[in-house]
Amino acid sequence: MTVPAIDADFLLRLDEIIAAHKGREGPLLPILHDIQAEWGHVPEAAQPVIAEALGMTRAEVHGVVSFYHDFRDHPHGRHVLRLCRAEACQSMGAEALADEVRAALGIDWHETTPDGRLTLEPVFCLGLCACAPSAQMGDRLLGRADLAKVQKLVAEAGA
């Protein structure tokens, strides 16, 4: 997805999303989820608008966006490959796997391939501790991951 133009249409859609949740208790997370669903990330330009509408500081909104690993402040690739970084996976070779995957893809954590097809993200536990190391692409989980299995997962996703 591309970065939305900060224009009247962007602001109108942003206002609609905020208005849909403003009356709820704890509206920030549902607003952020809807914004990310709309644009694929939470644009930096949206953060002060959200803050003002909710009576928060921009730093508070940014803190939530940056704290939760599912929120992005920049566009991501069409596919997101997540590699587990938790202790069980680390004990089973996740660090070496991550090095191999980063080298094979030519990108680092939080980066997207030049063609925009794939973003690489670290995640702390996919719940496959008994099958470490693990990876995830979309809804597909991969246990006992190695470079060949990850490359196959990426190829099958068309990334």
Side-chain angles (χ1 to χ4, degrees), residues 1-90 94-95 97-99 101-128 133-142 145 150 153-154 157-159:
M1 294 195 167
T2 60
V3 177
I6 309 306
D7 58 15
D9 290 336
F10 170 81
L11 292 173
L12 177 64
R13 182 65 185 125
L14 182 59
D15 287 342
E16 290 171 354
I17 291 170
I18 292 169
H21 298 288
K22 192 172 179 181
R24 296 174 69 176
E25 187 171 333
L28 181 57
L29 290 177
I31 289 169
L32 294 175
H33 281 290
D34 282 0
I35 289 170
Q36 184 152 296
E38 181 78 19
W39 292 294
H41 68 292
V42 179
E44 186 176 333
Q47 295 180 29
V49 177
I50 298 165
E52 184 176 335
L54 299 181
M56 301 173 76
T57 67
R58 183 176 176 198
E60 289 171 316
V61 173
H62 176 74
V64 172
V65 171
S66 62
F67 177 78
Y68 290 104
H69 72 269
D70 282 334
F71 292 126
R72 296 176 187 83
D73 61 0
H74 57 281
H76 61 83
R78 287 188 298 279
H79 302 280
V80 176
L81 173 62
R82 292 183 170 141
L83 298 180
C84 183
R85 311 285 295 139
E87 290 81 4
C89 285
Q90 286 182 28
E95 192 64 38
L97 175 62
D99 290 344
V101 170
R102 290 194 317 256
L105 295 174
I107 57 174
D108 206 346
W109 300 117
H110 309 288
E111 291 182 352
T112 301
T113 55
D115 61 6
R117 297 174 95 182
L118 183 74
T119 298
L120 181 61
E121 296 288 343
V123 65
F124 292 87
C125 197
L126 291 169
L128 294 175
S134 60
Q136 179 183 23
M137 174 81 93
D139 293 336
R140 290 198 51 204
L141 293 169
L142 176 65
V150 170
L153 185 66
V154 168

message = I'd like to know if the side chain of Gln36 and the backbone of Arg72 have a donor-acceptor N/O pair within less than 3.5 Å.
response = yes
remark   = In this structure, CG of Leu54 is separated from CD1 of Ile18 (nearest 0.5 Å) by 6.5 Å
inquiry  = Going by salt bridge (Lys or Arg N to Asp or Glu O under 4.0 Å), name the residues that satisfy it together with Glu60, two or more places apart in sequence or in a different chain.
reply    = none
key: Atom pair CD1/CG of Ile107 and Leu120 - distance to nearest 0.5 Å   = 5.0 Å
query = Is the count of non-hydrogen atoms from other residues, nucleotides or ligands lying under 6.0 Å from Glu16 atom CD greater than 12?
reply = yes
ask   = Donor-acceptor pair, Gln136 side chain versus Gly138 backbone, under 3.5 Å?
value = yes
query = Partners of Arg82 by salt bridge (Lys or Arg N to Asp or Glu O under 4.0 Å), sequence neighbours excluded?
reply = Asp70
ask   = Is it the case that more than 12 heavy atoms not belonging to Tyr68 sit under 6.0 Å from its OH atom?
value = no
side-chain contact (heavy atoms from CB on, under 4.5 Å) assessment of Ile50 paired with Leu32 = CA-CA 9 Å; Ile50 298 165; Leu32 294 175; 3.9 Å; yes
query = Does the distance from a Lys or Arg side-chain N to an Asp or Glu carboxylate O, for Arg85 and Glu121, drop under 4.0 Å?
reply = no
query = Between CD1 of Ile31 and CD1 of Ile35, what distance do you get to the nearest 0.5 Å?
reply = 6.5 Å
Pairs involving residues 21-33, ordered by first then second residue, that meet side-chain hydrogen bond (donor to acceptor under 3.5 Å, both in side chains) (sequence neighbours left out) = His21-Arg24, His21-Asp34
query = What distance separates Leu83 CG from Glu95 CD, expressed to the nearest 0.5 Å?
reply = 10.5 Å
